Each structure stands twice: as structure tokens, then as C-alpha cells.
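What you are looking at is a predicted structure, and each value in this text was computed from that prediction instead of being measured.
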Amino acid sequence: MMKADHAQEVSNLHQEQEEEYKQLKIQHHTETEQLIRAQSAADKLEADNKLSNELLYGMLPRYVADAMKFGIEPKPKDFSCVTVLYSDIVSFTDLTAKSNSHQIVNLLNRLYTAFDSTLDDYSDVYKTETIGDAYQVVGGLNSEDNDHQKYAAEVLDCALRFMDAVKSLDMSDQVQKALQIRIGIHSGPAVGGVAGLMMPKFALFGPTLTTAGLMEQKSKPNFINVSEATYELVKDVYDFASREDPITLEDGTKMKSYWLLGKKKV
């Protein structure tokens, strides 16, 4: 009788252990599924945040975007030296007169998409503005290392690639077979700031912007006109041809400028 009771106790104990083991497996499976769901949600949140940051950094300089993410109003910032590029389409007014609206929108979309994708390859070159056919780029906004030569060189390299992009642009639906642009570049101090909160817009101010615009206006079709200030920063890296005619600035002073030819051969 005692043996039978002992055997029953052992059997009951095994059943209890099996039941506990099953419950532990169920609990482990449930916790694993919860962990996977939590990790998946975290990964999605991280991916969404990354995408949001990329979009934000494409719209605003990094220091401005980071401040606004934390609800901090970005103050005007003094830049000791930035390099500004202006480009515009040659005879754009005549082109718009001959084209319909869809053609112009398609043309600008292709052109600016090509320019935008070029900017992704540089550490600190940022598109600050597009107005009609005018495209403005600035180098040196996000960095604190004061390596002005580096960011000026990036802007010049970007300008050369812009020219290549224009030459290979699809013009199959346009009224003319080829497109020409002018580019002007200048380096100097500027003040940057943000206007508005609902749709914040970053802008630069100062004579450097005016001079860069003048370099573009005095450029020639499919040429890159570089100011003396920018030339001095990158003359050891790029080849130039000197312009014979100096450019008259707004204050009446004369400034020497150069045609950018390309990178120096190593």
C-alpha cells in the first residue's frame, strides 16, 4: 500500500512539474513575442526619426534643426567665412516665353533634383534657396572647425558637377536642345538666421551674398566665375584662368575674379 502511495505521489509530482514547464514555455513564448514587438516598434521609431532628421537637415542647417527639435529658438549666428554659390539659367525669360508651364516645371524639377543629389556627397554644403531658376548653395554652415579652404573646395567641386549635370540633362520634352547656366562664387563673413516658426526659413545676410550674386551676374554661359577671396582659399587645389576685366562692386571698388577650370592634376 505504501509503495502504491509513493508511486502516486511521484506521478503527481511529475505531472505538476510538466504543467509548470508548460506554463514556463508559454510565458517565455509570450515574453519573447512581446520583446520582438517592442523591438520592432523601437526600430520603426528609430527609422522614422532618422527619416525625419534627414528631411529636417535638408530644409535647415543642422545647428538650426537641432535647436528647433528641442523647442529652442535659434538666434542669429555670425559666420566668419562661408562660401556662397549662385547659379541661374541663361536666357530663362526667353525660354519661359516659348514653353508651356508643364515644360518649365519639368525642366526645373530635373535640374534641381540633379543639383540636390549632388549636394548629398559633401560634408557641409547646403542649399539655402531656390527662386525660379536661381539656385543658392552655401558651404561651411554646419562645421565649427574653421576649415574654410575645405568647404570652399567642396563648393567649387559641386559647381563643376553642376555643369556636368546640365550638359547631360534630359531636354527631350523642351523647346530647345540644350541648357546653359551661369555660376558665381564668393567667400566671406555672413549672418544667418531663421524667420518664422510655422514654416521656418533660414537665410543669410551680408555683403558676401551680394558679391556672390554679382559674380554670377558677371559670369558667362557655362562658366564659373570665382571671386578673388575664394581664389585665395583654393588656388593650391584648383586651376584658374584670370579675368582681364575686374568686377565693380556696389561700393565702387574693383575686385579681381577668375574662371574656374578644374582640379589640379595630382
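- Under the side chain to side chain donor-acceptor pair (under 3.5 Å) criterion, Thr230 pairs with Ser187, Ser227, not counting sequence neighbours.
- Taking the side-chain contact (heavy atoms from CB on, under 4.5 Å) definition, one finds that Pro221 meets it with Val90, Gln180, sequence neighbours left out.
- Using a 4.5 Å heavy-atom threshold, the side chains of Glu129 and Lys201 count as touching.
- Both Leu141 and Val194 are members of a single hydrophobic cluster when ILVMFWY side chains are connected at heavy-atom separations under 4.5 Å.
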Can I get a per-line list of side-chain donor-acceptor pairs under 3.5 Å for residues 150-158, giving both atom names and the distance, sequence neighbours left out?
| residue | atom | partner | partner atom | Å |
| --- | --- | --- | --- | --- |
| Tyr151 | OH | Ser143 | OG | 2.9 |
| Tyr151 | OH | Asp145 | OD1 | 3.2 |
| Tyr151 | OH | Asp145 | OD2 | 3.0 |
| Glu154 | OE1 | Ser123 | OG | 3.4 |
| Glu154 | OE1 | Asp124 | N | 3.3 |
| Glu154 | OE2 | Ser123 | N | 3.4 |
| Glu154 | OE2 | Ser123 | OG | 2.9 |
| Asp157 | OD2 | Tyr122 | OH | 2.5 |

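- Side-chain contact between His148 and Asn146: present, with at least one pair of heavy atoms (C-beta onward) separated by less than 4.5 Å.
- Between Ile183 and Val226 there is no side-chain heavy-atom pair separated by less than 4.5 Å.
- Under the side chain to side chain donor-acceptor pair (under 3.5 Å) criterion, Thr248 pairs with Lys254, sequence neighbours left out.
- Between Arg182 and Glu216, some side-chain heavy-atom pair lies under the 4.5 Å cut-off.
- With sequence neighbours excluded, no residue forms a side-chain contact (heavy atoms from CB on, under 4.5 Å) with Val105.
- Here the CG-CD distance, from Leu95 to Gln103, works out to 8.5 Å after rounding to the nearest 0.5 Å.
- For residues 106-118, the salt bridge (charged side-chain N to carboxylate O under 4.0 Å, His left out) pairs, not counting sequence neighbours, are Arg110-Asp173, Asp116-Lys127.
- Residue Leu108 comes nearest to Gly132 through the heavy atom pair CD1-O, 3.9 Å, listed as atom of the first residue, atom of the second, then distance.
- Under the 4.5 Å side-chain criterion, counting only non-hydrogen atoms from C-beta, Tyr231 is not in contact with Tyr238.
- When the side-chain contact (heavy atoms from CB on, under 4.5 Å) test is applied to Thr253, the partners found at least two apart in sequence or on another chain are Leu249, Asp251.
- Within the 4.5 Å cutoff, side-chain heavy atoms of Leu169 are placed close to those of Leu107.
- Tracing side-chain contacts under 4.5 Å through hydrophobic residues (I, L, V, M, F, W, Y), one never reaches Leu209 starting from Met215; they form parts of separate clusters.
- For the atom pair CG (Asp121) and CG (Leu119), the distance works out to 8.5 Å, reported to the nearest 0.5 Å.
- Evaluation of the side-chain contact (heavy atoms from CB on, under 4.5 Å) rule for Val191 yields Pro76, Asp78 as partners, not counting sequence neighbours.
- Considering all non-hydrogen atoms of both residues, Ala165 and Phe115 come closest at CB-CE1, 4.4 Å.
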Subject >> Derivation of the ring-ring contact (aromatic ring centres under 6.0 Å, His included) call for Tyr86 and Tyr135 >> reply: CA-CA 6 Å; Tyr86 278 109; Tyr135 191 96; over 10 Å; no
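- Atom NE2 of His186 and atom CD1 of Ile247 lie 10.5 Å apart (nearest 0.5 Å).
- Legend: residues meeting side chain to side chain donor-acceptor pair (under 3.5 Å) with Ser172, ordered by chain and number and at least two apart, are Asp170.
- Every residue meeting the side chain to side chain donor-acceptor pair (under 3.5 Å) condition with Lys77, not counting sequence neighbours, appears here in chain and number order: Glu144.
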Counting only pairs under 3.5 Å, give me each side-chain donor-acceptor contact of residues 255-266, with atom names and distances, residues two or more places apart or in other chains.
| residue | atom | partner | partner atom | Å |
| --- | --- | --- | --- | --- |
| Lys256 | NZ | Ser242 | OG | 2.6 |
| Ser257 | OG | Asn225 | OD1 | 3.1 |
| Lys264 | NZ | Asp239 | OD1 | 3.0 |

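- In this structure, Ser99 contributes its side chain and Thr96 its backbone to no donor-acceptor pair below 3.5 Å.
- The salt bridge (charged side-chain N to carboxylate O under 4.0 Å, His left out) search around Lys235 returns Glu232, not counting sequence neighbours.
- Without hydrogens or angle criteria, Thr208 side chain to Pro189 main chain gives a donor-acceptor distance under 3.5 Å.
- Counting heavy atoms from C-beta on, the side chains of Asp147 and Gln149 come closer than 4.5 Å.
- Both Leu160 and Tyr112 belong to a single network of hydrophobic side chains, linked directly or stepwise wherever heavy atoms of I, L, V, M, F, W or Y lie under 4.5 Å apart.
- One finds the CD atom of Gln136 at 6.5 Å from the CG atom of Leu204 (value rounded to the nearest 0.5 Å).
- The distance from atom CD1 of Ile181 to atom CG of Leu111, rounded to the nearest 0.5 Å, is 6.5 Å.
- Note that the CZ atom of Phe162 and the NZ atom of Lys167 stand 14.5 Å from one another [nearest 0.5 Å].
- Put simply, Phe205 and Tyr126 are part of two different groups of oily side chains (I, L, V, M, F, W, Y) that touch within less than 4.5 Å, one to the next.
- You'll find the side chain of Ile185 stays beyond 4.5 Å of the side chain of Val84, heavy atoms only.
- Following chains of ILVMFWY side-chain contacts shorter than 4.5 Å, one can reach Phe240 starting from Ile224, so the two form part of one hydrophobic cluster.
- Under a 3.5 Å cut-off, the side chain of Gln174 and the backbone N or O of Gln176 do not form any donor-acceptor pair.
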